[in-house]
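Note sheet for the following structure.
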Amino acid sequence: MKILITGGSGYIGSHTIIEIFKNTDWEVLSIDNYSNSSELSYQRIEDITGKKPTYFNVDLRDLEATEKVFSENIGIDGIIHFAAFKAVGESVEEPLMYYDNNLNSLANVLKCQEKFKIPNLIFSSSCSVYGNIDELPVTESSHLAKAESPYAYTKQIGEVMLQDFAKTNPLFKTIALRYFNPVGAHLSGLNGELSSNRPNNLVPFITQTAIGKHDKLTVFGSDYPTRDGTCVRDYIHVSDIANAHVVALKKLFEEKSFPAYDVINLGTGNGVTVLEAINAFEKVSEKKLNFDIGERRDGDVGEIYADNTKAKQVLGWEAKTTIDEMMDSAWKWEQYLSENPAN
Ligand code: WQD
């Protein structure tokens, strides 16, 4: 099989390529413009697996350049579309950047999928499509509340685009995977998230504070209606997420009766508060984290975690990595980066 991955040098994309190389003989092409990653990811993939994908530095908003990759690589059997901006907080500050990038990139991928008759697509969606939902744990049939951020809205719109597109051609089959909170790094310690200088997400901010890049971490709010007042999320290891993509694509290859469009939650089913995540980090790293309690962050929902029954039933997949192992892998990666700054 030949797979094209958009965003393949990114956090989840690079870990997915590692799992594809470890578990299949698929040929992998990657398109990335390095807006939130580095070409060095491909070297790290090779360091871990002994293989590199064929890769292209292309911005998916450039339809001509994107089509050129597809026209020069005929016979693609499946696409995994990761490429998107994904920070909830940042999207509140830069909505247009998010609508332009996330939606125009997806539209161009679908145009190429149609033009080159590529039958299978896996879409990187997000639990943020559920909004501030009060029925927990969320199932795939839970009602989608109002998106709480432009990022979340780009994922809600993206799913509708895919549903409408899938109806246009019985050849096309799509699964939207709704990630909860991907965290951690490859257990080898040789690949992980390359955060910008000031990451938006909790776990890289914890490890960067612990390594000394920031004086302290601020917990965004402790007055939520949760067991300790801080937000609850379903943190899931990035390699568990990556494995789910391999399983989902295999399902589309093998099961011709699979629906034209389906959505599946990727979570552990366990909700963890911000303070519990900090405690888990302190336990595995044996370091005291300097943090204080601040105001709530715009765009945050108080509590969300997955009902992961459908993934078990439809894909036969479930997450295996514990919160302690997630934090340990994130901490090892932060230490690797401080010892190998070239990355
Ligand atoms: C987690 C919790 C913050 C930073 C993420 C991804 C998004 C999507 C959903 C995949 C929140 C709190 C954070 C800090 C804090 N995943 N926090 N201090 O907002 O749940 O969204 O998961 O598509 O792509 O961004 O994740 O890590 O930003 O925040 O207290 O310095 O940590 O308030 O409660 P979020 P996050």
Checklist entry - What heavy-atom pair brings Gly192 and Tyr11 nearest, and what distance separates the two atoms? => result C-CD1, 3.9 Å
Checklist entry - What are the two closest non-hydrogen atoms of Phe205 and Lys216, and how far apart are they? => result CE2-O, 3.7 Å
Checklist entry - Ignoring hydrogens and geometry, is there a side-chain-to-backbone donor-acceptor pair from Asp234 to Gly267 under 3.5 Å? => result no
Checklist entry - Quick one: are Leu202 and Leu217 in side-chain contact, heavy atoms under 4.5 Å? => result yes
Checklist entry - If only atom types and distance count, is the side chain of Trp333 paired as donor or acceptor with the main-chain N or O of Glu193 below 3.5 Å? => result yes
Checklist outcome for this item: Which of Ile31, Ile20, Ile12, Leu29 passes side chain to side chain contact (heavy atoms under 4.5 Å, CB included) with Ile5? Answer is Ile20
Checklist entry - Can you tell me how far CG of Asn279 sits from CE of Met327, rounded to the nearest 0.5 angstrom? => result 9.5 Å
Checklist entry - For the atom pair CD (Glu303) and OG1 (Thr226), what is the distance rounded to the nearest 0.5 Å? => result 6.5 Å
Next on the checklist: Just verifying a value: how many Å separate Tyr179 OH and Cys127 SG, rounded to the nearest 0.5 Å?
Outcome noted: 11.5 Å
Next on the checklist: Which heavy atom of Ser142 sits nearest to which heavy atom of Glu135, and what is that distance?
Outcome noted: OG-OE1, 3.2 Å
Checklist entry - Under a 4.5 Å cut-off applied to non-hydrogen side-chain atoms, are His237 and Leu187 in contact? => result yes
Checklist entry - Are Lys167 and Asp164 ion-paired here, with the side-chain N under 4.0 Å from a carboxylate O? => result yes
Item to check | Donor on one side chain, acceptor on other, Arg44 and Asn191, under 3.5 Å | outcome: yes
Item to check | Atom pair CD1/CD1 of Ile76 and Ile118 - distance to nearest 0.5 Å | outcome: 4.5 Å
Item to check | Which atom of Asp223 lies closest to which atom of Arg296, heavy atoms considered | outcome: OD1-NE, 2.9 Å
Checklist entry - Is Tyr153 atom OH crowded by more than 12 heavy atoms from other residues, nucleotides or ligands, each under 6.0 Å away? => result no
Next on the checklist: Take a 6.0 Å sphere around CD of Glu46 and say whether it holds more than 12 heavy atoms from other residues, nucleotides or ligands.
Outcome noted: yes
Next on the checklist: So Trp331 and Ile211, do their side chains get closer than 4.5 Å, heavy atoms only?
Outcome noted: yes
Next on the checklist: Can you list, by chain and residue number, the hydrophobic cluster partners of Leu63 when the side-chain cut-off is 4.5 Å?
Outcome noted: none
Next on the checklist: Would the distance check show the side chain of Lys256 and the main-chain N or O of Phe253 forming a donor-acceptor pair, the cut-off being under 3.5 Å?
Outcome noted: yes
Checklist entry - Can you tell me if Asp307 and Thr309 form a side-chain donor-acceptor pair at under 3.5 Å? => result yes
Item to check | Verdict with reasoning, Asp32 to Ser30, per side chain to side chain donor-acceptor pair (under 3.5 Å) | outcome: CA-CA 6 Å; Asp32 206 305; Ser30 173; 5.2 Å; no
Checklist entry - Hydrophobic clusters join Ile, Leu, Val, Met, Phe, Trp and Tyr when side-chain heavy atoms are under 4.5 Å apart, directly or via other members; which others share one with Tyr305? => result Val129, Tyr130, Ile133, Leu136, Val138, Leu144, Phe180, Val232, Val301, Ile304
Item to check | Lys/Arg-Asp/Glu bridge criterion (N-O < 4.0 Å) met for Lys22, Glu19 | outcome: yes
Checklist entry - Do you reckon Val183 sits in the same ILVMFWY cluster as Leu289, going by side-chain contacts under 4.5 Å, direct or chained? => result yes
Checklist entry - Trp317 side chain to Asp240 main-chain N or O, any donor-acceptor pair under 3.5 Å? => result yes
Next on the checklist: Nearest 0.5 angstrom please: Leu249 CG to Glu254 CD, how far?
Outcome noted: 10.0 Å
Next on the checklist: Can you confirm whether the side chains of Asp228 and Thr273 place a donor and an acceptor under 3.5 Å from each other?
Outcome noted: yes
Item to check | Backbone N/O of Tyr336 and side chain of Asn340: donor-acceptor pair under 3.5 Å | outcome: yes
Checklist entry - Do Asn265 side-chain atoms and Ala306 backbone N/O form a donor-acceptor pair below 3.5 Å? => result no
Next on the checklist: Ignoring hydrogens, what is the shortest heavy-atom contact between Leu106 and Gly158? Give both atom names and the distance.
Outcome noted: CD2-CA, 3.5 Å
Next on the checklist: Hydrophobic clustering (ILVMFWY, side-chain heavy atoms < 4.5 Å, transitive) - are Val28 and Leu4 grouped together?
Outcome noted: no
Checklist entry - Would a distance-only check, ignoring hydrogens and angles, find a side-chain to backbone donor-acceptor pair under 3.5 Å from Thr6 to Ala83? => result yes
Checklist entry - Between Asn201 and Lys86, do the side chains contain an N or O donor and an N or O acceptor separated by less than 3.5 Å? => result yes
Checklist entry - What pair of heavy atoms forms the shortest contact from Tyr42 to Pro53, and how long is it? => result CD2-CG, 3.5 Å
Checklist entry - Does some side-chain heavy atom of Leu121 sit less than 4.5 Å from a side-chain heavy atom of Val109? => result yes
Next on the checklist: Contact between Ser105 and Arg61 at the side-chain level, heavy atoms closer than 4.5 Å - yes or no?
Outcome noted: yes
Checklist entry - In terms of heavy-atom contacts, does CD of Glu339 have more than 12 from other residues, nucleotides or ligands at under 6.0 Å? => result yes
Checklist entry - Side chain of Ser329, backbone of Ala185: donor and acceptor closer than 3.5 Å? => result yes
Checklist entry - Do the two ring centres, one from His15 and one from Phe82, sit under 6.0 Å apart? => result no
Checklist entry - Is Tyr224 close to Thr230 at the side-chain level, that is, under 4.5 Å between some pair of heavy atoms? => result no
Item to check | Minimum side-chain heavy-atom gap Lys155-Ser124 below 4.5 Å | outcome: yes
Item to check | Criterion side chain to side chain contact (heavy atoms under 4.5 Å, CB included) on Arg178 and Val263, from CA distance to verdict | outcome: CA-CA 7 Å; Arg178 290 173 177 169; Val263 289; 3.8 Å; yes
Item to check | Member of Ser41, Ser38, Ser37 meeting the side-chain hydrogen bond (donor to acceptor under 3.5 Å, both in side chains) criterion with Ser9 | outcome: Ser37
Checklist entry - What pairs of residues pass the salt bridge (charged side-chain N to carboxylate O under 4.0 Å, His left out) test when at least one of them lies in residues 67-80, not counting sequence neighbours? => result Glu67-Lys115, Lys68-Glu72
Checklist entry - Does a side chain donor of either Tyr98 or Glu90 reach within less than 3.5 Å of an acceptor in the other side chain? => result yes
Next on the checklist: For Asp215, is the CG atom crowded, meaning more than 12 foreign heavy atoms sit under 6.0 Å from it?
Outcome noted: no
Checklist entry - Any chain of hydrophobic side-chain contacts (each under 4.5 Å) joining Met161 to Phe165? => result yes
Item to check | Backbone of Thr268 reached by a side-chain donor or acceptor of Asn308 within 3.5 Å | outcome: yes
Checklist entry - Hey, mind stepping through Lys287 and Glu334 against salt bridge (Lys or Arg N to Asp or Glu O under 4.0 Å) and telling me if it holds? => result CA-CA 13 Å; Lys287 283 181 77 82; Glu334 191 64 59; over 6 Å; no
Checklist entry - Do Ile157 and Phe85 share a hydrophobic cluster, counting only Ile, Leu, Val, Met, Phe, Trp and Tyr and linking them when any side-chain heavy atoms are less than 4.5 Å apart? => result no
Checklist entry - Checking salt bridge (Lys or Arg N to Asp or Glu O under 4.0 Å) for the pair Lys251/Glu255: CA distance, chi angles, key distance, verdict? => result CA-CA 6 Å; Lys251 178 64 77 169; Glu255 205 166 296; 3.1 Å; yes
Checklist entry - Under a single-linkage definition using a 4.5 Å side-chain heavy-atom cutoff for Ile, Leu, Val, Met, Phe, Trp and Tyr, are Val58 and Ile79 assigned to the same hydrophobic cluster? => result yes
Next on the checklist: For Ile74, I'd like to know if atom CD1 has over 12 heavy atoms of other residues, nucleotides or ligands within 6.0 Å.
Outcome noted: yes
Checklist entry - Which value, rounded to the nearest 0.5 Å, describes the distance between Glu276 atom CD and Arg227 atom CZ? => result 4.0 Å
Checklist entry - Is a donor on one side and an acceptor on the other found under 3.5 Å between the side chain of His214 and the backbone of Gln208? => result no
Checklist entry - Taking the side chain as C-beta and beyond, is there a heavy-atom pair between Phe56 and Asn73 under 4.5 Å? => result yes
